[in-house]
Every structure is written in structure tokens, then in C-alpha cells.
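Sequence lines set the chain letters: A, B, ... in the order given, protein chains first and strands last, and positions in each chain run from 1.
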Number of protein chains: 2
Amino acid sequence: MNSIQLLSNHQLRKTQFRERVLDIFLRYERALSQKDLEEQLHESDRITLYRTLKTFEEKGLIHKAIDGSDRLKYALCAGHCDVHAHHDHHAHFHCVTCERTFCIEDVQAPALDAPPGFEVESTHVIINGRCAECAH
Amino acid sequence: MNSIQLLSNHQLRKTQFRERVLDIFLRYERALSQKDLEEQLHESDRITLYRTLKTFEEKGLIHKAIDGSDRLKYALCAGHCDVHAHHDHHAHFHCVTCERTFCIEDVQAPALDAPPGFEVESTHVIINGRCAECAH
DNA sequence: TTTTAAGTGCAACATTGTTGCGTGTTGGTT
DNA sequence: AACCAACACGCAACAATGTTGCACTTAAAA
């Protein structure tokens with residue numbers, strides 16, 4: 001999957017900026033904050049990036065990666081999300097040392113007993129700890 | 001448990017402001033954002049509140065309630081947390097309609113297989129959905 | 001009651017989130 | 001190939017939130 005395919009699959013216009021952003025996601029394969037992206041995109045407009053991420057999220061290319069850090073992060077969707085719904089049910093591993101966040105596809109959300117009357121829509125699992133590089 | 005006991009149990013000076021903040025937590029029994037608190041505390045200093053919450057969190061009176069919303073929230077700890085460590089392993093239910101967040105003590109974090117070399121420190125479970133009041 | 005370590009409140013600044021608007025670009029249509 | 005309308009971009013501006021420094025006040029220990 002390349003950035004141009006991703007854009008056309010999601011009814012988005014192909015622009016140089018969007019391709020650059022998607023290429024970074026494809027290259028790093030982990031959740032990235034806006035700041036992470038700005039560091040990779042030499043010369044980029046903060047607002048354009050903000051709106052680009054928002055659009056990508058709405059169209060189902062990327063999803064918010066809740067990791068418990070203060071900073072909002074995004075990660076590429078596995079592939080079958082679209083403008084109607086996201087289907088990412090994996091866990092996010094957040095390294096407390098290097099602050100990087102990884103998607104862990106294997107972990108499923110637990111079966112749960114919500115209180116009576118509560119309607120469950122989606123669940124997220126966040127794991128805090130130290131990644132392989134920071135652990136030793 | 002009242003606010004004065006909570007403060008002395010955690011080696012914190014008893015001040016009027018801290019008592020007011022704790023009373024709100026005791027009254028509402030759910031996770032509250034700084035803005036929620038400001039609305040209850042008529043006349044309060046934003047910075048003092050910010051530092052008060054930070055201190056409470058460090059001393060183990062309250063914990064960050066990660067709920068996937070943009071706003072950081074805090075909730076009272078169950079009781080056995082202190083300056084050394086937090087021991088809150090419950091789930092947080094975040095209502096997508098009214099934005100309120102509830103601690104769900106019954107749900108445990110799932111057993112998990114972190115990738116090789118990753119050290120797990122803590123896990124969080126977030127449930128998004130609609131609370132009893134907003135569901136019907 | 002005195003002392004001092006801690007808490008409070010104001011000012012100031014940094015960072016991030018968000019919107020409006022004029023200009024440039026894309027992709028479909030003529 | 002040229003045109004056009006919708007969309008995307010980039011700048012300005014503002015809002016909300018996070019954070020620190022400092023002077024003044026207060027809690028609690030001596």
C-alpha cells in the first residue's frame with residue numbers, strides 16, 4: 001500500500017503535502033503526534049497539518065491513538081476503516097521513556113460488564129511500560 | 001472518608017481551597033476535568049487549581065482518568081494509593097454524549113502478550129459509549 | 001508566639017486547538 | 001486543451017490549556 005493508493009481509496013485529492021504526511025506514517029509504522037510529524041516534515045504549516053490529520057481521521061485513513069500521554073497521536077488504520085466507521089480494536093503500547101506509541105494488534109479488549117443501562121460503543125486498551133529499546 | 005482525613009492521610013496541609021476541591025470529588029464520584037471543577041468552585045484561581053490537582057496526583061489522592069477525550073480528567077483514588085505508587089486498575093467509562101467519565105471498578109485489564117522485550121508497567125481500559133442517562 | 005516551609009494568586013509565556021479568509025490547485029466537464 | 005467549481009493551502013488571529021517565576025499569605029512545627 002502506498003500513499004497515492006490510500007488517498008484514492010478514501011476519496012481524497014492527491015496533493016504533495018498529503019503524500020508527504022502519509023509517507024511518514026508508512027515509514028514509521030507507529031503512532032505519531034503532530035509534533036513528531038512536524039519534525040519529519042521540514043517546512044510545513046502547522047494549521048495545514050492539523051487539518052490534514054483531521055481529514056484523514058474523518059475519512060478513515062488514520063485513527064487517534066489514545067496512549068495516556070498529554071499529546072494526541074495518530075496511527076495508520078489497518079486498512080478497512082472508512083468515512084463511516086473505524087474498526088481499530090487493538091491496544092496501544094506507550095513507552096514511558098521514549099514516549100513512542102506502538103499499535104499492538106494481538107491484544108483484544110476484555111469482556112466487560114458495564115453498569116446497567118450503559119451502552120458500550122467501543123473500547124480501548126492502553127499499556128504503559130518500556131519498549132524493547134528502552135527496557136534494558 | 002472526608003476531605004480533611006484525605007489530606008492528613010497523604011501528608012498534605014489542610015487548606016480551605018484543597019478542602020473545597022476534595023469535597024467536589026467526594027460529592028460527584030466521577031472523573032472531573034479542570035473545567036468541571038472550575039464550574040463548581042465559584043471564584044477560583046486557574047493556576048492554583050492546576051497546581052492543586054498536580055499535587056493531589058503526586059501524593060496519590062487522585063489519578064488521571066484517561067478517557068480518550070481531549071480533556072484531561074482526574075478521579076479520586078480508591079484509597080490505597082500514595083506518593084510512591086498508584087494502584088488504580090479499573091476501567092474508565094466515557095460517555096460520548098454528556099462527556100462524563102465514570103470509574104468502573106469491576107473491569108480488569110486483559111491478560112496481554114506484549115512484544116518480546118517490552119516491559120509492561122500499567123494498563124488502562126477505556127470504554128466509550130453512552131451512560132444510562134444518555135442511552136435512552 | 002515565633003519561625004519557616006508550604007500554599008496561594010497574579011503576571012507572563014509556551015503550546016496546542018480552532019476558525020476565517022484570500023489564494024492556489026485538483027480533477028471533472030466542456 | 002481550456003474552464004470551472006470544489007477543495008486544499010497558508011497566513012493571521014484567537015481560544016484554551018499547560019507551565020513557570022515571584023511576591024505575599026498561611027499552616028503547623030518549634
Side-chain angles (χ1 to χ4, degrees), chain A residues 3-24 31-74 83 99 101, chain B residues 2-25 31-74 83 99 101:
Chain A
S3 55
I4 295 175
Q5 288 176 294
L6 279 173
L7 289 172
S8 66
N9 287 352
H10 293 270
Q11 288 82 47
L12 282 170
R13 287 191 178 175
K14 181 185 59 140
T15 71
Q16 201 213 342
F17 187 78
R18 288 175 174 176
E19 287 177 44
R20 285 166 66 204
V21 173
L22 282 176
D23 283 340
I24 294 170
L32 299 169
S33 68
Q34 182 159 343
K35 190 168 185 181
D36 293 334
L37 289 161
E38 277 168 10
E39 283 168 8
Q40 297 303 317
L41 291 166
H42 317 293
E43 306 214 356
S44 73
D45 182 63
R46 183 176 85 84
I47 291 94
T48 301
L49 179 55
Y50 165 77
R51 276 195 270 228
T52 299
L53 294 173
K54 214 170 164 180
T55 302
F56 283 0
E57 205 266 337
E58 284 166 9
K59 300 287 184 175
L61 279 82
I62 60 180
H63 60 270
K64 286 181 183 171
I66 301 167
D67 70 355
S69 71
D70 295 337
R71 214 183 286 283
L72 177 62
K73 291 181 185 168
Y74 289 100
V83 68
E99 287 283 314
T101 298
Chain B
N2 65 43
S3 54
I4 296 176
Q5 288 176 293
L6 279 172
L7 289 172
S8 67
N9 286 352
H10 293 271
Q11 288 84 46
L12 282 170
R13 287 190 179 177
K14 180 185 60 141
T15 71
Q16 200 214 342
F17 187 78
R18 287 175 176 177
E19 286 176 45
R20 285 167 65 206
V21 173
L22 281 177
D23 283 340
I24 294 169
F25 276 113
L32 299 169
S33 67
Q34 181 158 344
K35 189 169 187 181
D36 294 334
L37 289 161
E38 277 168 9
E39 284 167 7
Q40 298 302 318
L41 291 166
H42 317 293
E43 306 214 357
S44 74
D45 182 64
R46 183 177 84 85
I47 291 93
T48 301
L49 180 55
Y50 164 78
R51 278 194 271 226
T52 298
L53 294 172
K54 213 171 165 181
T55 302
F56 284 179
E57 205 266 337
E58 285 167 9
K59 300 287 183 172
L61 279 83
I62 61 178
H63 60 269
K64 286 180 184 171
I66 301 165
D67 70 355
S69 71
D70 295 338
R71 213 184 288 282
L72 177 61
K73 290 181 184 165
Y74 289 99
V83 67
E99 287 282 316
T101 298

For T15(A), which residues count as a side-chain hydrogen bond (donor to acceptor under 3.5 Å, both in side chains) partner, sequence neighbours excluded?
none

Holding to side-chain hydrogen bond (donor to acceptor under 3.5 Å, both in side chains), I want the full list of residues that pass it with D45(A), two or more places apart in sequence or in another chain.
T48(A)

For [X] and [Y], which heavy atoms make the closest approach, and how far apart are they?
| X | Y | result |
| --- | --- | --- |
| R13(A) | L7(A) | O-CD1, 4.0 Å |
| H63(B) | E57(B) | CA-CG, 4.4 Å |
| T55(A) | R18(A) | CG2-NH2, 4.2 Å |
| A31(A) | D36(A) | O-OD2, 4.4 Å |
| H10(A) | L6(A) | CD2-O, 3.0 Å |
| Y74(B) | F25(B) | O-CE2, 3.2 Å |

Could you tell me whether R18(A) contacts a base, only the sugar-phosphate backbone, or nothing, with contacts defined as non-hydrogen atoms closer than 4.0 Å?
sugar-phosphate

What residues from residues 37-45 of chain B pass a heavy-atom cutoff of under 4.0 Å to DNA chain D?
none

The criterion is side-chain contact (heavy atoms from CB on, under 4.5 Å); which residues satisfy it with L41(B), sequence neighbours excluded?
F17(B), R20(B), V21(B), I24(B), S44(B), L49(B)

Output the residues of residues 52-60 of chain A in contact with DNA chain C, where contact means a heavy atom of the residue under 4.0 Å from an atom of the strand; sort by number or write none.
K54(A)

Rounded to whole Å, please give me the gap between [atom1] in [X] and [atom2] in [N].
| X | N | atom1 | atom2 | value |
| --- | --- | --- | --- | --- |
| L49(B) | dG7(C) | CG | C1' | 14 Å |
| L7(B) | dT8(C) | CG | P | 10 Å |
| Y50(B) | dT20(D) | OH | P | 6 Å |

With distance as the sole test, does Q34(A) use its side chain to make a donor-acceptor pair with the main-chain N or O of R46(A) at under 3.5 Å?
yes

From C-beta outward on F17(A), which listed nucleotide comes closest to its side chain: dG17(C), dG20(C), dC9(D)?
dC9(D)

Pull out every protein N or O sitting under 3.5 Å from an N or O of nucleotides 27-30 of chain D, one pair per line with the distance.
from: dA28(D); atom 1: OP1; to: K14(B); atom 2: N; distance (Å): 3.0

On DNA chain C, compare the nucleotides closest to Q11(B) and R46(A); which residue's is nearer the 5' end?
Q11(B)

Tell me whether Q16(A) at atom CD has more than 12 heavy atoms from other residues, nucleotides or ligands lying less than 6.0 Å away.
no

Reckon R51(A) has a side-chain N or O less than 4.0 Å from the OP1 or OP2 of dA8(D)?
no

